[in-house]
S.K.: 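The structure's right below; bear with me while I get my questions together.
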Protein chains: 2
Amino acid sequence: MKIGEAAERSNLPPKTIRFYEDIDLIKPSRTRNQYRDYSDNDVYRLLFLQRSRSLGFSIEECRLLLSLYDDKNRASSDVKAIASAKIQQINRKRQELQSLKNTLLDLVKNCHGDDKPDCPIIDDLSGRKFK
Amino acid sequence: MKIGEAAERSNLPPKTIRFYEDIDLIKPSRTRNQYRDYSDNDVYRLLFLQRSRSLGFSIEECRLLLSLYDDKNRASSDVKAIASAKIQQINRKRQELQSLKNTLLDLVKNCHGDDKPDCPIIDDLSGRKFK
DNA sequence: CTTGACCTTCCAGTAAGTGGAACCTCTATA
DNA sequence: TATAGAGGTTCCACTTACTGGAAGGTCAAG
């Protein structure tokens, strides 16, 4: 099948699929007229990429995951370790966002939010102590 | 003062400070020998950038915030609106991460994590239904 | 007078695509 | 048969927010 159909089936834009080929994540065959020709297996591969990317794995992590996907002798513990590390990463990111949010909430709480130029948020950002 | 000292005082690397100049966030004067020459006000501006960036504001948001910082007649409500929007953004991002995490936790929970090639995580990523 | 720290500019690369231009190919229809 | 349109191709540039490195200039100390 051509790239358009592969795109539909994998929920990935054609541009992204070509990009994945550029970085050697997938290598479809070509027809005589140079059109990319995707097999069902290629589509599975693209779906694998679509799902793992949407779960927050980086391209390099996806590459690793794909190599495990290809490796019929992989240990499930290897895959589990990658997924667990990703969960820890997400936890850290969430905590970081939480603390940013708390700081912003504090700032917003102290800002009267009217038409006057006096603004504790700006004061804080500029480094003026105002507490 | 030269860029090294401005960097120390603002907690920003010199490279980043030069970059901020490239994108017109700050315009220090120059000495005869072409060295950048930062005033105290310049350092406050850099600190403002450092703080707002570290609070998760994008460069363009910082540019807007800086223009409010410069505007002695700004309404504090304008600033408050930007900060509030950012809080909403953070909330959305956190929810997104939470749901990614839940999916990954589910996957990991179902993976025995031993030396055998059978792996529910890979199965799920590849689109095979295994429940 | 040379060494070393620090400064300068410019070019390239990062992550993960997206947008657009210029051009090709196939199918359908007037 | 001519042509229009859909969808394919390549390549280059842009995005975000920097970071690294090369090649060279400047200045104070020894």
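Below, chain A is the first sequence line, B the second, and so on; all start at residue 1.
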S.K.: D:dG7 P sits how many Å from A:R18 CZ, rounded?
M.R.: 13 Å

S.K.: For nucleotides 22-26 of chain C, tabulate all protein N/O to nucleotide N/O atom pairs closer than 3.5 Å, reporting atom names and distance.
M.R.:
from	atom 1	to	atom 2	distance (Å)
C:dT25	O4'	A:Y35	OH	3.2
C:dC26	OP1	A:N33	ND2	3.1

S.K.: Polar pairs (N or O, both sides) under 3.5 Å between protein and nucleotides 19-21 of chain C?
M.R.:
from	atom 1	to	atom 2	distance (Å)
C:dG19	N7	A:K15	NZ	3.1
C:dG19	O6	A:K15	NZ	3.2
C:dG20	N7	A:K15	NZ	3.4
C:dG20	O6	A:K15	NZ	2.2

S.K.: Where the side chain of B:P13 is defined as all heavy atoms beyond and including C-beta, which of D:dT19, C:dC7, D:dA17 is the nearest nucleotide?
M.R.: D:dT19

S.K.: Regarding B:R9 and B:D40, does a basic nitrogen lie under 4.0 Å from an acidic carboxylate oxygen?
M.R.: yes

S.K.: Do A:I121 and A:L104 come close enough that some side-chain heavy atom pair is under 4.5 Å?
M.R.: no

S.K.: Tell me: CD1 of B:I3 to P of D:dT26, nearest whole Å?
M.R.: 17 Å

S.K.: Given 3.5 Å as the limit, does a donor-acceptor pair link the side chain of B:K101 with the main chain of A:N91, or not?
M.R.: no

S.K.: Expressed as a whole number of angstroms, how long is the span from B:L12:CG to D:dC18:C1'?
M.R.: 11 Å

S.K.: How close or far is atom P of C:dT8 from atom CZ of B:R32, stated in whole angstroms?
M.R.: 14 Å

S.K.: Is the phosphate of D:dC18 approached by B:R53 (side-chain N or O, under 4.0 Å from OP1 or OP2)?
M.R.: yes

S.K.: Figure out the CG/P separation between A:D37 and D:dT9, and round it to whole Å.
M.R.: 10 Å

S.K.: If you compare every side-chain N and O of A:T16 against the phosphate oxygens of C:dA16 (OP1, OP2), does one of them come in below 4.0 Å?
M.R.: no

S.K.: Salt bridge check: are B:E5 and B:K2 linked by an N-O gap of less than 4.0 Å?
M.R.: no

S.K.: Would you mind checking if A:D118 and A:K116 are paired as a salt bridge, meaning a charged N to carboxylate O distance below 4.0 Å?
M.R.: no

S.K.: Are A:S39 and A:D42 close enough that a side-chain donor and a side-chain acceptor fall under 3.5 Å?
M.R.: yes

S.K.: Taking OP1 and OP2 of D:dT26, is either one under 4.0 Å from a side-chain nitrogen or oxygen of B:R36?
M.R.: no

S.K.: Taking only Lys NZ, Arg NE, NH1 and NH2, and the carboxylate oxygens of Asp or Glu, determine whether A:R63 and A:E60 approach each other closer than 4.0 Å.
M.R.: yes

S.K.: Find the distance A:D24:CG to C:dA16:P and express it as a whole number of Å.
M.R.: 15 Å

S.K.: For A:D115, look at atom CG and say whether over 12 heavy atoms of other residues, nucleotides or ligands are found less than 6.0 Å away.
M.R.: no

S.K.: To the nearest angstrom, how far is A:F19 atom CZ from D:dC11 atom P?
M.R.: 16 Å

S.K.: Quick test of your reading: applying ring-ring contact (aromatic ring centres under 6.0 Å, His included), list the pairs with at least one residue in residues 68-104 of chain B, sequence neighbours left out, ordered by first then second residue.
M.R.: B:F48-B:Y69

S.K.: Could you tell me the separation between the CZ atom of A:R30 and the C1' atom of D:dG7, rounded to a whole number of Å?
M.R.: 15 Å

S.K.: Are B:S58 and D:dT16 close enough that a side-chain N or O sits under 4.0 Å from OP1 or OP2?
M.R.: no

